[in-house]
**Student:** 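Structure provided below as structure tokens; questions to follow.
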Amino acid sequence: MTPPRVRFAPSPTGYLHVGGARTALFNWFYAKHTGGTFVLRIEDTDQQRSTDAHTQVILDGLTWLGVTWDEGPFFQGANNAQHRADAERLLTLGRAYKDYLTAAELEVHRAHAKATGVPFRFTRATMNLSADEVARREAAGAPYAIRFAIPDEEIAWDDAVHGRISWQGRDMDDFIILRSDGTAIYNMAVVSDDIAMRITHVIRGDDHVSNTPKQIALYRALGHAEPIFAHVPMILGADGKKLSKRHGATAVGDYQDMGILPGAMRNFLALLGWSPGSNDEILPEAELIARFDLGHVQKKPAVFDTTKLEWMNGQYLSMLPAAELLDPVRRQLALLGVTTTRDLSPIIEVVKLRSRTITHLAEQVALRVDASRVVRDAKGAALAEKLGPKFASYLELAHSALSAVTPTEWNAAALEPLLKQLAENEGAKLGDIMQPIRVALTGSTVSEPVPELLAVVGRDESLARLAAAS
RNA sequence: GGCGCUAUCGUCUAGUGGCCUAGGACACAGCCCUCUCAAGGCUGGUACACGGGUUCGAAUCCCGUUAGCGCUACCA
């Protein structure tokens with residue numbers, strides 16, 4: 001059996017949305033799993049809405065996600081000669097016909113149908129011009145569109161995710177395949193390209209199922225075997241409606257900005273509409289590829305749950321070594337306006353366990369290297385108030401005890417017993433000593449264990465913050 | 001309206017006729033651990049849309065109902 005050839009074919013009329021990203025991912029998983037080829041094709045035939053900037057954003061989004069293409073990117077607009085040749089071949093074959101009706105004339109019919117409440121249907125019998133009129137327009141060299149003559153037969157296919165889906169030709173209109181300006185309409189262009197690119201598996205969104213019978217009819221008329229179709233479900237917003245701008249973040253770039261790791265995004269998207277058939281949730285790339293199959297793709301749409309994405313991102317943050325987080329953290333730090341020559345790895349190491357996004361992680365790092373970012377929050381202030389004069393006196397005690405520690409002994413393992421001893425000497429609970437220090441160093445009542453915090457902030461800086469707070 | 005698709009916890013899902021008084025994860029609540037917060041461990045509540053069949057047996061198969069979604073362009 002020859003290896004499969006799949007394609008991802010976005011139109012550059014907007015950003016790369018999570019739905020499209022997931023479709024790309026499923027194609028990519030399938031290609032990698034089967035040793036097939038992933039073709040990237042930009043469907044830019046809508047001249048009005050397509051832009052190079054959008055194309056670039058899509059390419060960047062795919063790259064960020066780790067989706068690589070083996071061929072392309074090809075631009076559909078460049079293939080119009082082929083599309084047109086195929087459409088004209090259909091004409092010669094008698095499977096399509098010239099339609100001299102102008103768009104304006106058609107609109108009259110459509111408006112009439114609407115006014116009378118009758119659903120509009122294009123029918124060869126009633127819409128066609130009289131033979132005389134056709135001859136007259138033809139002689140005058142009037143422009144014409146080419147319509148495909150849909151056969152009155154069953155068009156069914158065995159969808160790789162839905163199973164058998166069946167349509168009747170009589171329920172479909174004779175759709176236009178070539179505009180009067182000589183450019184191809186979507187369904188014609190897709191079929192023409194997919195044939196030319198020898199695509200074997202069309203994995204795309206559910207919103208295309210109604211295009212599929214039209215495309216199959218085209219394959220048959222052109223004398224080509226149709227590919228295998230797999231229609232993957234849509235992604236919905238929290239309200240169960242199709243994901244759109246008003247749901248907030250919908251583009252993959254938004255999640256990148258939010259501090260989501262590509263690996264986490266890939267894992268999360270994979271599990272949205274597909275499952276490995278077991279209880280496993282955290283699946284590294286290699287595992288995803290090895291286990292991916294169309295048979296376990298869900299038939300129903302899935303709601304995009306940002307909370308679970310962030311949980312998963314937190315899992316990735318915890319298990320990734322600090323070294324791999326260095327670059328993304330530095331980028332976020334730059335956005336925060338923080339520059340430092342310090343080795344950030346030890347800080348990232350302790351802070352990543354409590355972070356769900358790179359953004360939050362970077363803020364925590366910034367707080368530890370930049371004293372000016374220490375601002376006492378509500379709980380920190382409440383603690384200081386609750387302890388009253390003890391707050392300052394505990395800090396002074398801590399300061400003097402910690403001052404005795406030499407720079408070489410300044411590490412979490414050595415600091416911990418010292419602080420415990422201090423609490424014991426004072427007859428205070430450990431928390432009574434630790435919390436004021438935490439507030440002095442971070443402004444908040446939440447952080448990594450205090451000895452680690454002190455170690456990470458450093459001796460001189462820690463002492464300075466202690467002194468400033470007491 | 002027509003055609004098509006879909007229907008398991010709030011959400012993502014396991015389930016492909018008996019292993020299901022329905023399993024896991026996120027979220028939520030409680031407890032443990034503990035200097036705080038996470039993480040981790042334990043516990044808890046919450047689901048097979050409804051109605052008919054088929055079968056010894058149905059979340060799983062069939063039919064109908066209901067609901068949701070998609071398409072119904074010289075857009076993609």
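Proteins come first, then strands; the chains are lettered A, B, ... in the order of their sequence lines, and each starts at number 1.
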**Student:** To the nearest 0.5 angstrom, please state how far the CZ atom of A:R41 sits from the CZ atom of A:R7.
**Tutor:** 5.0 Å
**Student:** Using a 4.0 Å heavy-atom cut-off across all strands, classify A:T307 as base, sugar-phosphate, or nothing.
**Tutor:**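 It contacts sugar-phosphate atoms only.
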**Student:** Could you check whether A:D99 pairs with A:R147 (Lys NZ or Arg NE/NH1/NH2 to Asp/Glu carboxylate O, under 4.0 Å)?
**Tutor:** yes
**Student:** Distances for protein N/O vs nucleotides 38-49 of chain B N/O pairs under 3.5 angstrom?
**Tutor:**
| unit_1 | atom_1 | unit_2 | atom_2 | d |
| --- | --- | --- | --- | --- |
| B:A38 | O2' | A:L353 | O | 3.1 |

**Student:** If you compare every side-chain N and O of A:K379 against the phosphate oxygens of B:C37 (OP1, OP2), does one of them come in below 4.0 Å?
**Tutor:**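 No.
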**Student:** Indicate, with a heavy-atom threshold strictly under 4.0 Å, whether A:Q168 touches base, sugar-phosphate, or nothing.
**Tutor:** nothing
**Student:** Identify whether any heavy atom of A:P451 sits under 4.0 Å from a base atom; if not, whether one sits that close to sugar-phosphate; answer base, sugar-phosphate or nothing.
**Tutor:** base
**Student:** Given B:U13, B:U36, B:U16, which nucleotide is nearest the side-chain atoms of A:R438?
**Tutor:**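 Comparing B:U13, B:U36, B:U16 against the side chain of A:R438, the answer is B:U36.
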**Student:** Could you verify whether a donor N or O on one side chain and an acceptor N or O on the other, from A:D86 and A:S192, lie under 3.5 Å apart?
**Tutor:** yes
**Student:** From the set B:U11, B:A14, B:U36, return the single nucleotide nearest to any side-chain atom of A:P449.
**Tutor:**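 Output: B:U36.
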**Student:** Can you give one letter per nucleotide of nucleotides 65-75 of chain B, going 5' to 3': B for a protein heavy atom under 4.0 Å from the base, S for sugar-phosphate only, - for none?
**Tutor:** ----SSS-SBB
**Student:** Salt bridge check: are A:R291 and A:E287 linked by an N-O gap of less than 4.0 Å?
**Tutor:**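 Salt bridge flag = yes for A:E287 with A:R291.
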**Student:** For the side chain of A:K308 and the base of B:A25, is some donor closer than 3.5 Å to an acceptor across the two?
**Tutor:** yes
**Student:** Assign A:G314 to base, sugar-phosphate, or nothing according to its heavy-atom contacts below 4.0 angstrom with the strands shown.
**Tutor:**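 Counting heavy atoms under 4.0 Å across all strands, no contact is made by A:G314.
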**Student:** Compare the minimum distances between each of B:C26, B:A14, B:C37 and the side chain of A:Q298, then state the nucleotide with the smallest one.
**Tutor:** B:A14
**Student:** Given the ring of A:F268, does A:R266 sit roughly above its face, with NZ or CZ under 6.0 Å from the centre of the six-membered ring and within 45° of the axis?
**Tutor:** no
**Student:** Quick one: is the NZ or CZ of A:K214 closer than 6.0 Å to the six-membered ring centre of A:F175, and within 45° of its axis?
**Tutor:**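 Positive - A:K214 is close enough to the ring of A:F175 and near enough to its axis.
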**Student:** If you apply the rule side-chain hydrogen bond (donor to acceptor under 3.5 Å, both in side chains), what do you find for A:Q56 with A:D52, and how did you get there?
**Tutor:** CA-CA 6 Å; A:Q56 195 52 50; A:D52 291 347; over 6 Å; no
**Student:** Once you apply a heavy-atom cut-off of 4.0 Å, does A:H231 come out as touching a base, just sugar-phosphate, or nothing?
**Tutor:** nothing
